[in-house]
Amino acid sequence: MARRKEPRIPDHLLDQLLAGAEAKSAFAKNGLLDELKKALAERALNAEMDHHLDQENEAGNTRNGYGRKSVLTDTGKIDLEIPRDRLATFDPQLIAKYQRRFPGFDEKIVSMYARGMSVREIQGHLRELYGIEVSPDLVSAVTDAVLEEITEWQNRPLEALYPLVFFDALRVKVRDEGTVRNKAVYLALGVRPDGAKEILGLWIEQSEGAKFWLRVMNELRTRGVEDVLIAVVDGLKGFPEAITAVFPETQVQTCIVHLIRSSLAFVSYKDRKAVAAALKEIYRAKDAEAGQAALEQFAISAWGRKYEVIAASWRRNWAAVIPFFAFPEEVRRLIYTTNAIEALNAKLRRAVRARGHFPTDESAIKLLFLVLRQTQKEWKMPPREWSMARAQFAILFEGRFRLG
């Protein structure tokens with residue numbers, strides 16, 4: 001029989017704190033937990049004051065009563081008694097002079113915002129669960145605080161080598177001079193030599209082209225990137241010329257995932273599973289010649305005749321598909337797997353749909369950054385194929401990729 005684990009707080013102390021009340025009352029508004037938070041905060045503030053007065057002992061400074069302050073916490077609002085000193089030189093660190101929110105409250109708002117909740121939804125959520133009234137301006141102020149963090153993140157140093165980088169785009173609606181316009185937000189998802197995924201950056205632009213992509217590539221080089229082995233893209237205009245101008249040895253590969261997704265866009269829902277299975281015969285062929293044969297076989301099949309636009313699309317992009325067949329199965333799987341970019345895109349698009357449109361470019365980037373930051377916390381292990389792929393990269397890109 002397993003032994004009962006000793007609690008960190010002895011039962012007799014908990015009994016004294018509850019004083020005969022039901023345990024569930026401790027979690028109610030203004031219950032025991034809120035009282036403990038208030039008591040601990042005030043104790044910490046008094047300890048800060050004692051330390052402050054010890055440091056200023058020669059000045060003859062002394063305590064001068066208390067002031068009252070209401071602060072928002074992650075569970076509600078509490079009223080604190082803030083110690084004062086006669087010379088008014090005390091500046092508490094736990095709750096600064098002009099601070100009205102307890103540590104943890106801002107993180108809760110940012111977390112809700114990053115999960116796609118609108119300002120109105122956040123207001124309602126805080127009101128219903130905690131009885132807290134917050135203004136839209138407060139929510140904006142809290143989330144705007146990450147703009148400086150975004151600037152630092154967008155300019156942080158990067159790894160010298162990325163074996164794989166996926167470049168992708170999604171559309172957002174942004175109000176521009178009184179008109180809501182469609183703009184493209186581009187993101188780069190890199191895979192480091194150890195297999196860990198990393199978002200390299202976010203860029204917003206109304207139109208893409210070689211000049212825009214050249215600026216992005218030069219930015220990546222300035223931030224420390226010296227080599228990219230394989231760049232996976234989906235028909236981004238001007239991209240191949242720009243990346244080879246900065247990273248001349250990079251292999252540019254069309255995104256098989258996007259090609260499959262665009263193919264299935266023409267297919268009725270009930271047929272998609274069967275058509276997707278038929279397309280596997282093309283991109284899982286042993287080499288380019290076998291893949292070409294599989295494409296022609298698909299074109300004359302029942303599915304190919306029913307959805308003629310699919311074979312036409314693959315033929316139109318075939319020159320950008322061919323490099324894919326030069327890679328071994330482990331590397332191919334990393335390129336066409338839906339896990340790397342598709343799950344990320346789904347979260348970003350869900351958050352964008354919840355907003356409708358954005359008032360500024362900065363507000364769009366802010367939301368997407370917060371979603372990405374939340375998502376990256378969930379990335380723990382490299383893909384299963386990575387250990388085999390590393391060995392293949394060391395052979396295929398000898399001198400550019402090293403094991404160990």
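- V267 is listed as a side-chain neighbour of I310, based on a closest heavy-atom distance under 4.5 Å.
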**Request:** Begin with the C-alpha distance, continue with both residues' side-chain angles, and end with the deciding distance and a verdict on side-chain contact (heavy atoms from CB on, under 4.5 Å) for L187 and L344.
**Result:** CA-CA 11 Å; L187 64 93; L344 179 61; 4.2 Å; yes
Distance-only donor-acceptor pairs under 3.5 Å for side chains of residues 242-251, two or more places apart:
| residue | atom | partner | partner atom | Å |
| --- | --- | --- | --- | --- |
| T244 | OG1 | P240 | O | 2.8 |
| T244 | OG1 | E241 | O | 3.2 |
| T250 | OG1 | V228 | O | 2.6 |
| T250 | OG1 | F247 | O | 3.3 |

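- For E226 and R400, the salt-bridge test fails: no basic side-chain N is under 4.0 Å from an acidic carboxylate O.
- Put simply, the side chain of R332 gets close to the backbone of F327: a donor and an acceptor are under 3.5 Å apart.
- Rounded to the nearest 0.5 angstrom, R272 CZ and F266 CZ are separated by 11.0 Å.
- Within 6.0 Å of CD on Q297 lie no more than 12 heavy atoms contributed by other residues, nucleotides or ligands.
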Output a table of donor-acceptor pairs, distance under 3.5 Å, between side-chain atoms of residues 273-289 and any protein atom two or more places apart or on a different chain; print 'none' if there are none.
| residue | atom | partner | partner atom | Å |
| --- | --- | --- | --- | --- |
| R284 | NE | Y336 | OH | 3.2 |
| D287 | OD1 | E289 | N | 3.3 |
| D287 | OD1 | A290 | N | 2.7 |

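- Between V252 and V233 there is a side-chain heavy-atom pair separated by less than 4.5 Å.
- Contact of the L370 side chain with the R373 side chain is registered, since non-hydrogen atoms from C-beta on lie closer than 4.5 Å.
- Put simply, the residue from F167, F212, F239 that forms a ring pair (Phe, Tyr, Trp, His ring centres under 6.0 Å) with Y186 is F212.
- One distance of note links CG of L372 with CG of L348; it measures 5.0 Å at 0.5 Å rounding.
- Residues K173 and N182 form a side-chain contact, since some pair of their non-hydrogen atoms from C-beta on lies under 4.5 Å apart.
- Aromatic ring orientation, F401 versus W386: perpendicular (interplanar angle above 60°, classes split at 30° and 60°).
- In this structure, CG on N61 lies 4.0 Å from CG on D85, to the nearest 0.5 angstrom.
- If you take OH on Y162 and CG on L220, they are separated by 8.5 Å, rounding to the nearest 0.5 Å.
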Could you list the donor-acceptor pairs under 3.5 angstrom formed by side chains in residues 153-161, with sequence neighbours left out?
| residue | atom | partner | partner atom | Å |
| --- | --- | --- | --- | --- |
| Q154 | OE1 | L202 | N | 3.3 |
| Q154 | NE2 | L202 | O | 2.3 |
| N155 | ND2 | T151 | O | 2.7 |
| R156 | NH1 | W153 | O | 2.8 |
| R156 | NH2 | E198 | OE2 | 3.0 |
| R156 | NH2 | I199 | O | 2.5 |

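- Residues L229 and P163 approach most closely at CB-O, 3.2 Å, considering heavy atoms.
- Ion pair K366/E362 not flagged as a salt bridge, since none of the NZ, NE, NH1 or NH2 atoms sits closer than 4.0 Å to an Asp/Glu carboxylate oxygen.
- A donor-acceptor pair is defined here as one N or O able to donate and one able to accept, closer than 3.5 Å; no such pair exists between the side chain of E81 and the backbone of G67.
- Taking each heavy atom of Q253 and A320 in turn, the nearest pair found is NE2-O, 3.2 Å.
- Rounded to the nearest 0.5 Å, atoms CG (D271) and NZ (K306) are 4.0 Å apart.
- The heavy-atom pair separating L295 from R315 by the smallest distance is CD2-CG, 3.9 Å.
- Scanning both residues, R349 and A169, for their nearest heavy atoms gives NH2-O, 3.7 Å.
- Considering only heavy atoms from C-beta on, V174 stays 4.5 Å or farther from R181 through its side chain.
- The minimum heavy-atom distance linking N317 with S313 is given by the pair ND2-O, 2.8 Å.
- Between W318 and W314, the two ring planes are tilted [angle within 30° to 60°].
- Separating the CZ atom in F393 from the CD atom in E398 is a distance of 15.0 Å, to the nearest 0.5 Å.
- Nearest heavy-atom pair across A351 and L367 is O-CD2, 3.7 Å.
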